[in-house]
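Here is the structure we will look at, set down as structure tokens.
What you see below is based on every heavy atom in this structure, not just the backbone, and it leaves out hydrogens, waters and symmetry mates. Proteins come first, then strands; the chains are lettered A, B, ... in the order of their sequence lines, and each starts at number 1.
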Protein chains: 4
Amino acid sequence: MQRLDPAKRQEILDAAARLFAARPFHEVRLDDVAAEARIGKGTIYLYFEDKEGLYLSLIREGMSRLVNAVEAQMENPCADVWDRLAAAVEGLIGFASRFPDLFRVMRSGALTADDPELQRSRRELSGLIERAIRDGNEAGQTADPWPELTTQFVLSFVRGAVLYPPEGLTAATLRHHLMVVLRRGIAKEASA
Amino acid sequence: MQRLDPAKRQEILDAAARLFAARPFHEVRLDDVAAEARIGKGTIYLYFEDKEGLYLSLIREGMSRLVNAVEAQMENPCADVWDRLAAAVEGLIGFASRFPDLFRVMRSGALTADDPELQRSRRELSGLIERAIRDGNEAGQTADPWPELTTQFVLSFVRGAVLYPPEGLTAATLRHHLMVVLRRGIAKEASA
Amino acid sequence: MQRLDPAKRQEILDAAARLFAARPFHEVRLDDVAAEARIGKGTIYLYFEDKEGLYLSLIREGMSRLVNAVEAQMENPCADVWDRLAAAVEGLIGFASRFPDLFRVMRSGALTADDPELQRSRRELSGLIERAIRDGNEAGQTADPWPELTTQFVLSFVRGAVLYPPEGLTAATLRHHLMVVLRRGIAKEASA
Amino acid sequence: MQRLDPAKRQEILDAAARLFAARPFHEVRLDDVAAEARIGKGTIYLYFEDKEGLYLSLIREGMSRLVNAVEAQMENPCADVWDRLAAAVEGLIGFASRFPDLFRVMRSGALTADDPELQRSRRELSGLIERAIRDGNEAGQTADPWPELTTQFVLSFVRGAVLYPPEGLTAATLRHHLMVVLRRGIAKEASA
DNA sequence: TATGAATGAGATTTCATTCAT
DNA sequence: AATGAATGAAATCTCATTCAT
């Protein structure tokens, strides 16, 4: 699956992202994907196992890129806890605005329940945020008895805000409000 | 479409909830639904327009029940803001634990983007929580510049916890933790 | 696979026999089978797994009927060796003329190499003829050092004569000539 | 279509023989043939019209070689009838053991019913054996009322033995047994 | 000449929906 | 009202064939 033209492979993935973002899986025809990518229908099968394989590749590679993006934003591990959390949020929101279709598909969560590679990515992403909180707990900056829960909250929040954005919400406001609530919510001394 | 045996109709919905919770829409066959509900396949068409109609009914009625549950919990409008928010959270979590399959389907968000009735329900649910926060703002108990976002936060928190529950999380713990974070996050005093 | 209407199942098999007899497997479309059987295309899948399953069922059941036909012809086990062999040949030729399409498909031998049920039937059919020859050997009527080989010869001969019949050949002549050659070929005292 | 490298053409035919011997026509992909012959898929089309053309060439040329082989064995026309028949049998069995795959494909009889060139070859092959028997009849060595059927018998005998060989059968035994049965079956004296 | 990526016609198969019972 | 056999439109997928390199 590494032969052939990687650029064309990516074009197919891009086309698929646009279509899967706009319609649920079963309403996207491979004919449409081929037309959107301006290739023949059979060509898809040179690059992907089948329709589900294409969908999974899209999500897997998107998830992997998202993890990398968040990791890159948080890269300075010595940084302050709040900086690291802000970086994580920035990474998530930045990814969502740079690849809105892909993010939409990834977050719709269909078909992906039990793919091991995806579960690994999900745990990796959660791990990045959890670790920041745990470090904060140890450093005495935060006092969060349920870091996993807070992590899910951050991820769900960004998801919700990006998929169903309230009227007039900017990325900056979203980021700011999330950080405010988060800071107040789990800081050691309730911000006092 | 509303006559016939309401109990049988509900059995079909229950069966559908179980299956749609476990698999994406296009992997659930009406044959499966009929078998799960122990009725003939044709019977589904006596109670529902078609497959999508069944799915929409499931979500619509679930959403409507959820709104009612939350509303019932919050019914005393004069109550303290925190009591009202706690009641809302109680309503959400209670519903999610009583109807886990249904909640899972409702929160997966597939196929439901543009149904007007659903949008109304969603706004109604959000409205209940938003109104409590706005009342809190006016009463000087809370100081939240973005009630809609905070509402989204509450819903996301429950969603994340229910769909991807951390090991060993109980409903009581979830409720408690959410209320702690919420209180710290938007209480007036906290920003004093 | 035993539910549904067995008569309709047989009609599908009959239609398939006609088409598979006239064209090789890959040139027979399920559309054609459905049209020939005057049913909808999907109905085939109610009665058979898939195209190959239909083909296999056709051959398996044909083979089973052929074995029964030959067995029935030979049913008197005390009979003279030559009578039994003549009966076997009669059974083969009779089956071939009663079900020419089916026989043609069965003998074309495509796709059937490694089906266990078919191998069993084939062995059973061979066994009937072999046993007659071995009994003949023991009774001192025949002296055939290779009963299996002779059995294959009988089967191949009938196959060849039926699939590629020489100009002007009648079933009676075929039967007569085969028996003459066979009798002379393996009788104990070379007919002396 | 006859230029290009004859050795490569033969390699393709050999690869095709191996594959067509193991699987029915429609299960052999040109991809497989190309891989087996270690050439590019497009190259096949330089040497053959299309897939069916390749298959027909394989059988035609195999049949032609078989006829030549049998002809060569029988080349002394003045020889004794039994010697000529033994030579024919020797030619058939020798060919079958030297080219088992090719023989298997040729004898499976798929797709070749109405090719004129093949029919000519078939008649030629039959003719060689028939002529020997007719000469034997005229010379008073044999007394066979149905030389065509006897020819069919010889061909069937070899076919059956090669396609479904009994345990432990050698070419020599096969040849010997066939000649014994044949001699008894149609010798003049035998009917005296 | 040789290749194998690309193609798309056309095959198999699925499954929501219908309807005779 | 209830059923499930029957249907066929429409989907996925295959693979012989082409053609730019």
Side-chain angles (χ1 to χ4, degrees), chain A residues 3-5 8-9 12 25-35 37-54, chain B residues 3-5 8-9 25-35 37-55, chain C residues 3-5 8-9 12 25-35 37-54, chain D residues 3-5 8 12 25-35 37-55:
Chain A
R3 304 153 298 128
L4 308 172
D5 183 356
K8 181 164 286 190
R9 186 174 188 280
I12 298 175
F25 184 82
H26 72 281
E27 284 183 19
V28 174
R29 334 242 161 273
L30 287 188
D31 274 312
D32 303 338
V33 176
R38 296 172 175 215
I39 55 164
K41 195 181 357 172
T43 306
I44 296 175
Y45 289 86
L46 293 179
Y47 290 89
F48 303 94
E49 183 75 6
D50 55 11
K51 188 184 176 184
E52 194 155 327
L54 166 63
Chain B
R3 291 139 292 138
L4 309 167
D5 182 354
K8 184 166 285 190
R9 186 175 190 279
F25 183 80
H26 75 279
E27 282 185 21
V28 174
R29 330 248 158 271
L30 286 190
D31 275 304
D32 303 336
V33 176
R38 298 176 175 213
I39 55 160
K41 187 170 26 167
T43 306
I44 296 175
Y45 285 86
L46 296 177
Y47 290 89
F48 302 94
E49 182 74 8
D50 55 16
K51 187 184 178 186
E52 197 155 324
L54 166 62
Y55 187 84
Chain C
R3 304 152 297 128
L4 308 171
D5 183 357
K8 182 164 288 190
R9 186 174 189 281
I12 299 176
F25 184 82
H26 73 281
E27 284 184 19
V28 174
R29 335 240 159 275
L30 287 188
D31 274 310
D32 303 338
V33 177
R38 297 174 174 213
I39 55 164
K41 198 179 355 172
T43 306
I44 296 174
Y45 288 86
L46 294 179
Y47 290 89
F48 303 94
E49 182 76 7
D50 55 13
K51 187 184 176 186
E52 193 155 330
L54 166 62
Chain D
R3 292 140 292 137
L4 308 167
D5 182 354
K8 184 166 286 189
I12 299 175
F25 184 80
H26 75 278
E27 282 186 21
V28 175
R29 329 251 159 269
L30 286 192
D31 274 304
D32 303 336
V33 176
R38 299 176 175 210
I39 54 160
K41 187 171 25 166
T43 306
I44 296 175
Y45 285 86
L46 296 177
Y47 290 88
F48 302 94
E49 182 75 6
D50 56 15
K51 186 184 177 186
E52 197 156 323
L54 166 63
Y55 188 84

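Using the Watson-Crick or G-U wobble rule with both distances under 3.5 Å, F/dC15 pairs with E/dG8. Partner assigned to F/dA1 is none, using Watson-Crick or G-U wobble distances below 3.5 angstrom.
Listed nucleotides: F/dT12, E/dT17, F/dA2. Nearest to the side chain of A/Asp31: F/dT12. Among the nucleotides F/dA5, F/dT12, F/dA1, the one closest to any side-chain atom of A/Leu30 is F/dT12. If you check F/dC13, E/dA2, F/dA2 against the side chain of D/Leu46, the one that comes closest is E/dA2. In the set E/dA2, F/dT12, F/dT7, the nucleotide with an atom closest to the side chain of C/Thr43 is F/dT7. For A/Arg29, taking side-chain heavy atoms from C-beta onward, the closest of the listed nucleotides E/dT7, E/dT3, F/dT12 is F/dT12.
Remark: C/Lys51 is positioned above the aromatic ring of C/Phe25, its terminal NZ or CZ atom under 6.0 angstrom from the ring centre and at most 45 degrees off the axis.
Shown here for A/Asp5 and A/Tyr47, the closest heavy-atom pair between the two residues is N-OH, 3.2 Å. Nearest heavy-atom pair across A/Arg29 and A/His26 is NH1-O, 3.3 Å. Taking each heavy atom of D/Leu4 and D/Leu46 in turn, the nearest pair found is CD1-O, 3.0 Å. Taking all atoms of both residues into account, the shortest heavy-atom contact from C/Ile12 to C/Phe48 is CG2-CE1, 3.8 Å.
Note: CZ (D/Phe48) to P (F/dT17) measures 14 Å, nearest angstrom.
Here B/Lys8 does not reach the OP1 or OP2 of F/dA1: none of its side-chain N or O atoms lies under 4.0 Å away. Distances shown here put every side-chain N or O of C/Tyr45 at or beyond 4.0 Å from the OP1 or OP2 atom of F/dA6.
Sequence order on DNA chain F of the closest nucleotides to D/Val28 and A/Lys51 puts A/Lys51 first from the 5' end. Judged by closest nucleotide on DNA chain E, D/Ile44 is the one of B/Gly42 and D/Ile44 placed further toward the 5' end. Nearest-nucleotide assignment on DNA chain F puts the 5′-proximal partner with B/Gly40, out of C/Gly40 and B/Gly40.
You'll find a donor-acceptor pair under 3.5 Å spanning the side chain of B/Lys41 and the base of E/dT17, going by distance alone.
Residue contacts shown for C/Asp5 are absent, as no nucleic acid heavy atom lies under 4.0 Å away.
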